[in-house]
Amino acid sequence: MPHVEVLPNSTSVRAPGYALVPDAGTFQAPAQQTSGKKRAARSLGLAGGDTTVRQQNAVLKHLAELDKDSHRDVQIPVPKDNAGRASKKTTLNVRRILMSQKTFANHLADEEAAIAQQHTGTSTATSRTKPIPNLKRASTSELQAIPGSGASQNAPRSVGGLPPSATRDPLDDDLLLKSYVPVAPSEEVMEALLSAPPLSYNAARTGPPPTGKPQRQFCEICGYWGTIKCMKCGARVCGLECKGAHDDGRCLKFYV
Amino acid sequence: MPRSAKPAERVLPDQTLIIDNGAYTMKAGFAVPSPSSEDCHTIPNCIARDRGRRVWIGAQLEKCNDFGEITFRRPVEKGFLVNWEAEKTIWDNTFIDKAAKLACDPGATNLVLTEAPNTPAALQKNCDEIIFEEYEFASYSRCLSPSLNAYNDIQSLYGVPHRGPSVDALPAECLLVIDSGFSHSTVTPLFNGRPIHQAIRRLDIGGKFLTNYLKELVSIRHYNMLDETHLMNEVKESICYVSEDFKRDLERTWKGTSASRKKSLEGERDIVVDYVLPDYNAHKQGFMRPHDPSLIAKMRKMGSLSGSGDAVEDYMTLANERFTVPELLFSPGDLGMKQEGLPGTVLQSLSGLPPSLWPSMLANILVVGGNSKIEGFMTRLETEIRQLAPAECVVRIARASDPIKSPWLGGAHLAANRTALKAVQITRQEYQEHGSGWLGKVFSGSVPR
């Protein structure tokens, strides 16, 4: 591994805001030196071939576009004359909130910053990966200690919605017919669960599906299976006809 | 809620206003002893501007009949109430304006307001401050929109006989609410009407996303509809369906190679439809009709012969758009989104719960939100959850009788029970005594009231 050291000389100008710091950690060199933009872009992507960095960015941009309220940025000012309570004195808080031009993205960034700060400060954080304190331990030990009592309170009612003493049949005890009803968690466990704080916006987002299924690709023009990839821009089309339509108007014409 | 009420001398006024403040519409109305969905008003939660640059606020949109190129400003962004400047205008117009249907005096009204799960704390604080300092409601509670569903009679949806009035007042014990709305779709497990926060999961696809996707597809294939969000929403609502067998339907709608095109139209008759676009000048609504090539040929001929007049109508032929759009709710990966579909989200939510709760949750799944009205949605959801769920568990899944107003109705049931209502409401005096920081902690449950 080559050791790179910047030697001070008369021509080197220190850029404002940047500082070179010695890096003690191991430096991960790229596996093979690539030359050329094309190859570099490709090597950054994964084996799938469809996941270069640029395409990932394009997908993200597309998704953000689809989540917008309108295609263009619209500014609709609030009509002025409809204020029925103009005479009322507003408090400082109200004025601050009404004047605020913050979007949800701003609030989200604030929240993430606050969480990051919390993480560095103390370890009490609302992260999904962190298990709820004591939940695991309490649930196992208690369920073993009192196998029946916790169950009789909650489980039969909540599962079936019918009273447990509906019908008894001698065959109910048959091992083959025995239904599996797990023991309901005890009240302490439930209380711990219910009083746990909400997750942050980003932590509550559902995760990616388990790997294994490749992404389905569709023709950009007609929506049928996208079996053919445009050599210029990587978009998917289904056949020659749609490829023609793609080349006419939608090919992004940059080289991957 | 089973939380012990403070032995207080708090007196609440008789009138209770319930607002389920969604991004697309707000569902609002006053509580009555035995509420029904007629008591709930659905008001567009937006300020709109039409192409004549006239501005419409909330309920005024009912009178608007030209939705061409209309643009919206929505105070609720991604499901969260962000812009109070716009929201205040709409609320003033709906609740304060003397002529409004829902006009009320906030000082003599209890307010039950909903919010989406996982709202950032700063937005919650803003909301509390506006409610008490600007509107000065007599008392107020802020709760998760899905959690109010627990106060409805859920068991009757599964066909279980009614258990008598004694249980009516109690929230459902275990309930898994799937709320697929305008901004996103959330899965919320509820225990005795209280949300289990750590297990709430969200899929970032909602009705708005689907509409935008349809808009994009149509703009590529038919007409430029990029400015016609409102129209495309109507198109989506009338034509979209969730396919039971996606691959089969996609094959059936294949246009075929140019040589085989003529005969390939036969098998797909029931999928391919025409949507006739509305004519705002003649006050004509858009509508869907079965695709009929011969009729179209005739119409086109007539149009070209007469040159102008009423005979010409604009339509677009929609085929795989009908099911590839709502398919996104079940496989967001089709657009490269790194999130699991709605059934997988349910399972991810369950994984945040102790396994012993799974059977009760899976046996009590309630679906609310506008997307659940898409044809075939429930069947597909049930099939896929059944496939993913443990084999021992019973899967019962039901759609609320009115999926859009269901949370409101639950809130109305809650408000009809005075003691339950008293236990959740915070009065203005308490707010003035303790401040907004305390209020936020009370509503998040970390401080006993």
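As the structure is a computational prediction, the values presented were derived from the model and not from experiment.
For chain A, the nearby part of B:E216 is the side chain; its heavy atoms alone come within less than 4.5 Å. For a residue to count as touching a neighbouring chain, one of its non-hydrogen atoms must lie under 4.5 Å from one of that chain's; by this rule B:F132 does not touch chain A. Heavy atoms of B:K215 lying under 4.5 Å from chain A belong exclusively to its side chain. Using a 4.5 Å cut-off between heavy atoms, B:D97 makes no contact with chain A at all. Only the backbone of A:E220 comes within less than 4.5 Å of a heavy atom in chain B; its side chain stays farther off. The contact between B:S331 and chain A is made entirely by side chain atoms (from C-beta outward), counting heavy-atom distances below 4.5 Å. Heavy atoms closer than 4.5 Å to chain A are found in the side chain of B:R221, but not in its backbone. Interface remark: B:Y158 contributes no atoms to any contact with chain A (heavy atom separation under 4.5 Å). Only the backbone of B:I200 comes within contact range of chain A, with at least one heavy atom under 4.5 Å from a heavy atom of that chain. Of the atoms belonging to B:E228, not a single heavy atom falls under 4.5 Å from chain A. Only the side chain of B:T229 comes within contact range of chain A, with heavy atoms under 4.5 Å apart. A:F218 touches chain B through its side chain: at least one heavy atom from C-beta onward sits under 4.5 Å away, while N, CA, C and O do not.
Using a 3.5 Å distance cut-off with no hydrogens or angles, the side chains of A:S200 and A:E111 do not pair a donor with an acceptor.
Looking at A:L66 and B:L335, their side chains come closer than 4.5 Å, going by heavy atoms from C-beta outward. Proximity of A:V94 to B:E129: side-chain heavy atoms (C-beta onward) are nowhere separated by under 4.5 Å.
Legend: residues meeting side chain to side chain donor-acceptor pair (under 3.5 Å) with A:Y201, ordered by chain and number and at least two apart, are absent. For B:T324, there are no side chain to side chain donor-acceptor pair (under 3.5 Å) partners at least two apart in sequence or on another chain.
At most 12 non-hydrogen atoms from other residues, nucleotides or ligands lie less than 6.0 angstrom from NZ of B:K441.
Looking at B:K78 and B:D204, no side-chain N of the basic residue comes within less than 4.0 Å of a carboxylate O on the acidic one, giving no salt bridge. Salt-bridge check for B:K88 with B:E134: passed, with a basic side-chain N closer than 4.0 Å to an acidic carboxylate O.
The cationic group of B:R74 lies under 6.0 Å from the six-membered ring centre of B:F72 and within 45° of the ring axis, placing it in a cation-pi geometry. In this structure, A:R216 forms a cation-pi arrangement with B:F246, its terminal cationic atom sitting closer than 6.0 Å to the ring centre and no more than 45° off the ring axis.
Most heavy-atom pairs under 4.5 Å with chain A, from the set B:Y213, B:F182, B:W358, B:F80: that is B:F80. Between chain B and the residues A:A105, A:G239, A:C222, the largest count of heavy-atom pairs under 4.5 Å involves A:C222. Ranked by non-hydrogen atom pairs under 4.5 Å with chain A, the options B:V55, B:L347, B:L250, B:L357 are led by B:L250. Note: A:T103 leads A:T103, A:L60, A:D110, A:N106 in heavy-atom pairs under 4.5 Å with chain B.
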